[in-house]
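These numbers were taken from a predicted model, which means no experiment stands behind them. Order of the sequence lines sets the chain letters (A, B, ...), proteins ahead of strands, with each chain counted from 1.
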2 protein chains.
Amino acid sequence: MGVQEVQACLDSAHQRCSESGLRLTQKREQILRLMLEAEAPLSPYEVVDLYNAQAEQNMPPNSAYRILDFLAEANLVHKLNSANKYIACSHIACSHPHSASQFLICSQCKTVKEVMMEPKLLKEIQKNVSSAGFKMRHPSVELECLCGECSES
Amino acid sequence: MGVQEVQACLDSAHQRCSESGLRLTQKREQILRLMLEAEAPLSPYEVVDLYNAQAEQNMPPNSAYRILDFLAEANLVHKLNSANKYIACSHIACSHPHSASQFLICSQCKTVKEVMMEPKLLKEIQKNVSSAGFKMRHPSVELECLCGECSES
DNA sequence: CTTCTAAATGATATGTTATATCATTGCACA
DNA sequence: TGTGCAATGATATAACATATCATTTAGAAG
Ligand SMILES: [Zn+2]
Ligand SMILES: [Zn+2]
Ligand SMILES: [Zn+2]
Ligand SMILES: [Zn+2]
């Protein structure tokens, strides 16, 4: 992701946060930028290492955990449960509201693609939930895949 | 799950394993029984504790990890990525083949319900994967929910 | 029924990840 | 310019996961 795209995401993130009364502090913004530039899933400890290398500071692990939690709560990053890592949302600068996503994860090269679920599909899933007497709060659809490149070789 | 149901699952598991050339050893069977009786997600360390309490033996953690891995590979238990726990498959004794499942997880009481995905739904998900140029290997659909009881109170 | 072999399990150590607790900083608001 | 609460830092430790090598066990071969 180019510098100007990253900046667009950060701007959009600031706007969205202030609209919802969330505080995108300097540290949180720094971590978000880092995630946007990484374009790959990062664990909290990997975030710490990257941050400390770049900023020549010393962020403690619990701060990384807290900040990633915040960003995930704000839908600016997503947690990939199958890897216990986080990845920047691919739709921060998009105008449409963020609905549920499918995450296509290449088991070989670890590339991740975030695809919005069509309303029809989401409704289909929702239907099964309701008929079991449950109420859905947050779906997590992670698909272990092979990406185009990796399935060729 | 009653004693006779557990036994039916174990019998079915033995049959399925021998058909696929897998070895459902004594330890593996003991752990599977334990999971069937628990009817709740258990972490490897919880399995160790339960086993050691019941059998008054001392299973090391790595054995629990290995055995749970084996059982998951054999589709006799499933790994819940969002909790890093395992739960016995609800369809061991069923005659139909095991396709992909949705896991409805109550965030409050941690009840889990495993619901088979209808082919139509699976195909819908698959479609999005293909159109992104990926090949699906193993879907993980975990839905953070409130169960019937918990959503009332 | 032995003996052999590979797979499974145990023992042990250690690396990694996650969290708990309290102190300190810094920003919003009066 | 204080005052209070949210955010972050410092530190310790708990919980989780894995690596390595030894030992046992189960199945195959003779
Ligand atoms: Zn997103
Ligand atoms: Zn790939
Ligand atoms: Zn199942
Ligand atoms: Zn519940």
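- Along DNA chain C, the nucleotide nearest to A/Arg66 and the one nearest to A/Tyr45 differ in position, and the one closer to the 5' end is contacted by A/Tyr45.
- Backbone-only contact: A/Arg28 has heavy atoms under 4.0 Å from sugar-phosphate atoms and none from a base.
- In this structure, the NE2 atom of B/His14 is 13 Å from the P atom of D/dA26, given to the nearest Å.
- Considering only side-chain N and O atoms, A/Lys27 lies under 4.0 angstrom from the phosphate OP1 or OP2 of D/dG9.
- Both B/Val47 and B/Phe70 belong to a common hydrophobic cluster when Ile, Leu, Val, Met, Phe, Trp and Tyr are linked at side-chain heavy-atom distances under 4.5 angstrom.
- For A/Tyr65 and D/dG9, the OH to C1' distance is 16 Å, given to the nearest whole Å.
- Atom CE in B/Met59 sits about 14 Å away from atom C1' in C/dA11, given to the nearest Å.
- B/Val112 has its side chain out of reach of B/Glu39: every pair of non-hydrogen atoms, C-beta onward, lies at least 4.5 Å apart.
- Where B/Thr25 and B/Asn62 each meet DNA chain D at their nearest nucleotide, the meeting point lying more 5' is that of B/Asn62.
- Residue-to-nucleotide proximity on DNA chain C shows that, of B/Arg23 and B/Gln57, the 5′-proximal contact is made by B/Arg23.
- Here the C1' atom of nucleotide C/dA18 and the OH atom of A/Tyr86 are 10 Å apart, to the nearest Å.
- If you take CD of A/Glu29 and C1' of D/dA7, they are 15 Å apart, rounded to a whole angstrom.
- Follow the hydrophobic side-chain contacts under 4.5 Å out from A/Ile31 and you never reach A/Tyr45; the two are in separate clusters.
- Atom CG in B/Leu68 sits about 15 Å away from atom C1' in C/dA8, given to the nearest Å.
- Under a 4.0 Å N-O distance rule, the pair B/Glu118/B/Lys123 does not qualify as a salt bridge.
- Computed from coordinates, the A/Asp69 CG to C/dT17 C1' distance equals 14 Å when rounded to whole Å.
- To the nearest angstrom, P of D/dC16 lies 16 Å from CG of B/Asn81.
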